[in-house]
Amino acid sequence: MIKLGITHLLTEKQEWLDGKSIGLITNHTGVDENLTHTIELLTEFNLVALFSPEHGLWGAAQDGVKIADSTYRPNEKETDTGKQTLQVYSLYGKTPLVWTEALETLDVLIYDIQDVGARYYTYLGTLLETMKALEGSCVECIVADRPNPIGGINVEGPMLESDYTSLVGPYPIPVCYGMTIGEIARLFHAEQGFNFPLKVARLQGWHREMWHSKTGLQWVPPSPNMPTLETATLYPGTCLFEGTNVSEGRGTTKPFEYIGAPWIDSQLWATQLNEREFPGVQFRPIVFTPQFSKYEGEVCHGVALHITDSKQVAPIEVAVWMLSILITEHPSEFEFRETHFDRLAGSSTLREALLAGTPCSEIIESWSIDIEQFRVRREPYLLYYSEL
């Protein structure tokens with residue numbers, strides 16, 4: 001089993017915390033190798049405030065639900081009567097957090113959240129917005145590093161253009177960026193020219209080829225619609241269906257693995273996709289009824305994506321072909337939700353190319369220069385290397 005950044009911090013870098021007032025950005029994924037929550041681990045130190053991202057401190061809220069500030073009292077031992085109630089500041093509230101007030105009692109702010117390695121996932125945007133808020137303050141940032149669950153090798157997808165910056169597209173990087181949260185924090189810090197102190201409590205025993213299934217760690221679903229590693233593997237591609245009138249599987253037991261709509265010819269779609277013989281994935285025609293989100297209570301026809309080899313799957317390439325076939329076979333029914341799709345894709349280029357009938361191979365090839373440039377760009381910030 002690998003050693004997580006939070007364990008490294010609390011066993012080998014305690015001097016980073018001793019005598020300091022500590023704030024913690026975390027949620028339900030902030031646990032150590034024994035599933036003990038970081039909040040409980042830090043009660044031996046001067047933990048004074050908590051900050052929670054989208055989905056809340058315990059990951060219970062659905063996507064897009066705004067969360068109010070709250071309080072939390074850590075578990076007490078029978079002999080411990082000194083623990084205080086902690087303020088929980090929501091970083092996904094109805095009104096923006098007043099950072100100057102939240103930071104005024106802190107010396108250190110720790111970030112300890114498990115992400116999924118995709119640009120869309122809002123925890124990445126939360127990290128960057130936090131770093132922007134720290135600029136000009138006297139608070140230092142410590143990122144307790146965690147594995148990229150889909151490894152540190154694959155870089156895939158279009159580059160975000162700055163005009164399309166949002167919480168689901170916070171920075172000009174590809175969709176799959178192949179970095180840990182600690183590594184990309186280093187990239188943000190350097191490229192943005194931030195002048196506050198940044199420290200990364202490093203992973204021990206992790207290498208770039210290592211997917212979550214090889215870490216020895218338990219999978220804690222990072223959000224309500226990310227139940228498994230298989231979901232996270234496909235999510236960088238099938239999340240694009242959020243920006244269409246096709247269900248991305250929310251409201252089913254297989255979000256981002258079940259894709260469909262009432263008007264799709266599921267057998268034709270599955271057959272055409274399987275004929276492509278994509279590495280690492282197969283398609284099965286299905287019928288499903290979402291219990292919430294798009295097409296709530298309606299019978300949908302579509303495909304289930306089955307992973308046969310996680311490391312071979314190119315999820316964004318697969319999604320581009322899925323979209324292209326739907327546009328060809330269902331031109332009068334299929335629709336883009338333009339604003340959201342373009343936010344996810346990082347520009348209008350992908351949507352426009354698909355609607356123009358540009359061959360999928362050309363679309364995918366058009367990303368290659370940006371991807372190679374990003375590989376070079378990220379190199380100075382990598383903390384872990386390949387075993388090969």
Side-chain angles (χ1 to χ4, degrees), residues 4-10 12-27 30 38-39 41-42 45-54 69 86-93 95-115 119 121-146 148 160 162 165-167 169-173 177 179-203 377-384:
L4 290 166
I6 191 63
T7 302
H8 184 211
L9 174 62
L10 297 180
E12 299 179 41
K13 299 294 182 180
Q14 288 192 24
E15 69 273 14
W16 292 1
L17 305 179
D18 288 340
K20 297 180 180 179
S21 296
I22 301 166
L24 173 65
I25 303 176
T26 196
N27 63 3
T38 302
I39 297 173
L41 297 172
L42 284 172
F45 298 87
N46 187 24
L47 179 63
V48 299
L50 302 172
F51 301 79
S52 67
E54 184 182 10
D69 292 351
L86 300 174
Q87 176 69 39
V88 182
Y89 296 97
S90 174
L91 303 181
Y92 202 79
T95 57
L97 175 67
V98 181
W99 276 102
T100 52
E101 295 178 9
L103 295 174
E104 62 185 2
T105 62
L106 301 182
D107 300 311
V108 173
L109 186 58
I110 301 172
Y111 181 99
D112 187 28
I113 299 176
Q114 178 63 62
D115 74 320
R119 188 182 69 209
Y121 217 54
T122 60
Y123 301 161
L124 185 66
T126 294
L127 171 64
L128 180 57
E129 289 305 308
T130 299
M131 295 177 77
K132 289 178 179 178
L134 290 176
E135 183 68 4
S137 76
C138 297
V139 179
E140 67 179 18
C141 180
I142 298 174
V143 176
D145 212 0
R146 291 182 174 271
N148 185 324
L160 179 127
S162 58
T165 299
S166 70
L167 192 62
Y171 206 69
I173 56 176
Y177 47 86
M179 303 172 78
T180 68
I181 199 69
E183 291 174 329
I184 203 159
R186 282 161 50 88
L187 181 146
F188 289 162
H189 192 267
E191 291 192 346
Q192 290 290 290
F194 292 135
N195 60 20
F196 61 84
L198 172 68
K199 298 175 180 176
V200 177
R202 295 178 56 164
L203 298 165
R377 185 176 135 210
R378 72 173 186 163
E379 186 67 26
Y381 312 110
L382 302 184
L383 297 170
Y384 318 96

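Because the structure is predicted, anything quoted here is derived from the model rather than measured. The figures here come from the full heavy-atom set of this structure, side chains too, leaving out hydrogens, waters and symmetry mates.
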Please check if the side chain of Arg186 supplies one atom and the backbone of Tyr381 the other of a donor-acceptor pair under 3.5 Å. yes

When every non-hydrogen atom of Gly182 is compared with those of Val200, the smallest separation belongs to O-CG2, 3.7 Å

Any Val108 side-chain heavy atom under 4.5 Å of Trp16 side chain: no

To the nearest 0.5 Å, how far apart are CG in Leu47 and NZ in Lys20? 15.0 Å

Looking at Tyr111 and Ile181, what are the two nearest heavy atoms and their distance? CE2-CG1, 3.7 Å

Run Phe194 and Phe188 through ring pair (Phe, Tyr, Trp, His ring centres under 6.0 Å) and show every step you take. CA-CA 8 Å; Phe194 292 135; Phe188 289 162; 8.3 Å; no

Which heavy atom in Asn195 sits nearest to a heavy atom in Gly136, and how many Å separate them? OD1-N, 4.2 Å

Find the distance between OH (Tyr177) and CG (Leu187) and round it off to the nearest 0.5 Å. 11.0 Å

Check the pair Ile142, Leu17 against side chain to side chain contact (heavy atoms under 4.5 Å, CB included), reporting the backbone distance first and the verdict last. CA-CA 10 Å; Ile142 298 174; Leu17 305 179; 3.9 Å; yes

Taking Glu140 first and then Lys199, would you say they form a salt bridge - that is, a charged N and a carboxylate O separated by under 4.0 Å? yes

Does any part of the side chain of Ile184, heavy atoms only, come nearer than 4.5 Å to the side chain of Tyr171, both counted from C-beta? no

Are any of the side-chain heavy atoms of Leu50 and Ile39 separated by less than 4.5 Å? yes

Nearest heavy-atom neighbours spanning Leu4 and Leu203: CA-CD2, 3.9 Å

Ion pair check, Lys132 and Glu135, cut-off under 4.0 Å: no

A side-chain contact here means heavy atoms from C-beta on lying under 4.5 Å apart; do Thr180 and Leu382 qualify? no

Does Ile173 offer a backbone N or O that forms a donor-acceptor pair with the side chain of Arg119 under 3.5 Å? yes

Between Tyr123 and Gln114, does the side-chain hydrogen bond (donor to acceptor under 3.5 Å, both in side chains) criterion hold? Intermediate values first, please. CA-CA 8 Å; Tyr123 301 161; Gln114 178 63 62; over 6 Å; no

Criterion side chain to side chain contact (heavy atoms under 4.5 Å, CB included) on Leu86 and Leu24, from CA distance to verdict: CA-CA 11 Å; Leu86 300 174; Leu24 173 65; over 6 Å; no

Between CD1 on residue Ile6 and CD1 on residue Ile110, distance to nearest 0.5 Å: 5.5 Å

Donor-acceptor contact present, side-chain Asn148 to main-chain Met179, <3.5 Å: yes

So, do Gln87 and Val48 sit near enough that their side-chain heavy atoms are less than 4.5 Å apart? no

Given side chains that start at C-beta, do those of Leu91 and Ile25 come closer than 4.5 Å, heavy atoms only? yes

Hey, are the side chains of Pro170 and Leu128 touching, using non-hydrogen atoms and a 4.5 Å cut-off? yes

So, taking the atom named CG in Asp107 and the one named CG in Asn46, what distance separates them when rounded to the nearest 0.5 Å? 8.5 Å

Report yes or no: does Arg202 contribute a side-chain atom to a donor-acceptor pair with the main-chain N or O of Asp145 at less than 3.5 Å? no

Could you verify whether a donor N or O on one side chain and an acceptor N or O on the other, from Ser90 and Asp69, lie under 3.5 Å apart? no

List the atom of Leu97, the atom of Tyr89, and the distance in Å for their closest heavy-atom pair. CD1-CD2, 3.6 Å

Checking Leu134 against Leu198 for the side chain to side chain contact (heavy atoms under 4.5 Å, CB included) test, could you report, in this order, the C-alpha distance in whole Å, the side-chain angles of both residues, the deciding distance, and whether it holds? CA-CA 10 Å; Leu134 290 176; Leu198 172 68; over 6 Å; no

What closest approach, in Å, do Leu103 and Val139 show between heavy atoms, and which atom pair accounts for it? O-CG2, 3.9 Å

Establish, yes or no, whether a centroid distance under 6.0 Å links the rings of Phe51 and Trp99. yes

Do Glu183 and Tyr384 have a side chain donor and acceptor closer than 3.5 Å? no

Thr38 and its side-chain hydrogen bond (donor to acceptor under 3.5 Å, both in side chains) partner, picked from Asp112, Thr26, Thr7, Asn27: Asp112

Would you say the side-chain atoms of Gln14 pair up with the backbone N or O of Leu10, donor to acceptor, closer than 3.5 Å? yes

Donor-acceptor contact below 3.5 Å, side chain His189 vs main chain Phe196: yes

